[in-house]
Q: 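Before we start, here is the structure in question, set down as structure tokens.
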Amino acid sequence: MPSQLPEKTIIAPEEDKKHLGLEIFERVENINRRGFLKQTSLATLFAMVGTSIPFYRNLPDGFIPAAVAQENLLIGKNGLTLLENQPLNAETPPELLDDAITPTNRHFIRNNGIPPLEVDPETWMLTIDGFVDNPLALTINDMREQFEVVTMALMLECCGNGRAFFDPPVKGNQWTYGAVACSEWTGVRLKDVLEKAGVQSNVVYTAHYGADTHLSGNPDILPISRGLPISKAMTDNILIAFEMNGASLHPMNGAPLRLVVPGWPASTSQKWLTRIELRDQVHDGALMTGMSYRVPAYPISPGQEVPIEDFVIIERMPVKSLVTFPANGAKTDIETQVRGHAWSGDRTVRRVDISIDFGSTWIETELDAPINSGAWQNWQTNIKFPLEGYYEIWARATDSEGVMQPFAIDWNPKGYINNTMHRVGIRVN
Ligand SMILES: Nc1nc2c(c(=O)[nH]1)N[C@H]1C(S)=C(S)[C@@H](COP(=O)(O)O)O[C@H]1N2
Ligand SMILES: [Mo]
């Protein structure tokens, strides 16, 4: 697929330039061509510092600005914990996910490759091809004109969220709780676009392509290209999104265009989206095969060898909840509100219970309906502790099929879909 990217444009629309440090964008353009390593470190820099660095030329390759490294913060992504620099990966502490709608500056970042630095929302093209009656090539303006534009709160969770808690440990980014978010996305329905293209009867799977490049710098290898069963792709709450929380997408969250597939592994939500291909077989793109985003079809013991053909693609994300108030490690009054969110991919959550006595007894919380299909649900309750001292708040969601979050889950080789209960330790005094 030939690159649709224009030669001399920058990543941020006008209103974002100042916020993100326009000078860095311009310099990145010049330095871009000097090689991928330099490009990566600058891509990371610009997301982190949010302003210009006058002596950037003296900053050795691979150095993280000390202010950032020290505080472990990403500017423009306030309060996120940096897990990895190249590629850039950062998660949100649970207490910063307290809002019903996750602000853009708190939406996690999960990159597998090098984000494109030069994008122009005016000329960005999305191609729909493969087994379709009418292949489409659409700009964002075309999409706005030809399809109904919808705004929905949609939750995304990385399959690797909770990987840090696998024992024995599993390689990969050590996400704890915060590779999850529910922002408000504006775009057109994937279904509407696919219908217009005319899905042929032999189609079984979609394949998604983005404009980011592989860490190796080899343009022939894609960092990630995943897909969906066509039946899933044709559901109502999947968006091709060009706005996030009422503004253009954050460059690290896929600007100017991405898929948002709520409730499924967020790896299916291709960022910097350029192409959707309809296939007559299950997609075999980068990170679709082998053990990627797959788990053994049956419970195994840690370290057990599993034949590769026994791995199955992860589809809907399991039932899970998060305590967003109080924060882990907080001091609270003897009476306090406890609150958070809960979700279960393609289902709703029926109840959320909390325990303050290490699971002996459970208290049912007030649980809101999702704002719309694909949004997480908010829950809250007031607690009066019997005495001063250390407590843990445990939260346990049960979904519409009666499936409940477990205390412990089966170990799997890549550390995916850990939906064990969230525990928050607090001191009451
Ligand atoms: N083009 C592209 N799309 C991508 C990725 C990527 O590396 N490149 N990462 C995927 C993964 S694994 C996740 S969890 C989500 C994360 O979305 P976010 O960074 O906006 O939170 O994007 C998905 N889409
Ligand atoms: Mo992910």
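Each ligand, and each atom within it, is numbered from 1 in the order the structure gives. Atom set for the values below is all heavy atoms of this structure, side chains included, hydrogens, waters and symmetry mates excluded.
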Q: Could you tell me if Lys196 sits above the aromatic ring of Phe147, with its cationic atom closer than 6.0 Å to the ring centre and no more than 45 degrees from the axis?
A: yes
Q: Got a salt bridge between Arg351 and Glu366, using NZ or NE/NH1/NH2 to carboxylate O under 4.0 Å?
A: no
Q: Is a salt bridge present between Arg339 and Asp98, judged by a nitrogen-to-oxygen distance below 4.0 Å?
A: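 Between Asp98 and Arg339 there is a salt bridge, with a charged N closer than 4.0 Å to a carboxylate O.
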Q: Please tell me whether Asn173 and Glu84 have a donor and an acceptor in their side chains that are separated by less than 3.5 angstrom.
A: yes
Q: Can you produce the list of protein nitrogen or oxygen atoms under 3.5 Å from a nitrogen or oxygen of ligand 1, alongside each distance?
A:
from     : atom 1 : to     : atom 2 : distance (Å)
ligand 1 : 1 (N)  : Asp212 : OD1    : 3.0
ligand 1 : 1 (N)  : Asp212 : OD2    : 3.2
ligand 1 : 1 (N)  : Gln270 : NE2    : 3.1
ligand 1 : 1 (N)  : Lys271 : O      : 3.0
ligand 1 : 3 (N)  : Lys271 : N      : 2.8
ligand 1 : 7 (O)  : Asn112 : N      : 2.7
ligand 1 : 7 (O)  : Asn112 : ND2    : 2.9
ligand 1 : 8 (N)  : Asp212 : OD2    : 2.6
ligand 1 : 9 (N)  : Arg110 : O      : 3.2
ligand 1 : 9 (N)  : Asn112 : ND2    : 3.2
ligand 1 : 17 (O) : Arg258 : NH2    : 3.2
ligand 1 : 19 (O) : Arg110 : N      : 2.9
ligand 1 : 19 (O) : Lys271 : NZ     : 2.5
ligand 1 : 20 (O) : Asn253 : ND2    : 2.8
ligand 1 : 20 (O) : Arg258 : NH1    : 2.6
ligand 1 : 21 (O) : His107 : ND1    : 3.2
ligand 1 : 21 (O) : Phe108 : O      : 2.7
ligand 1 : 24 (N) : Ser269 : O      : 3.0

Q: With sequence neighbours excluded, tell me which residues meet salt bridge (charged side-chain N to carboxylate O under 4.0 Å, His left out) with Glu91.
A: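 With neighbours one apart ignored, the set is empty.
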Q: Answer with yes or no whether the side chains of Asp167 and Trp411 bring together a donor and an acceptor at under 3.5 Å.
A: no
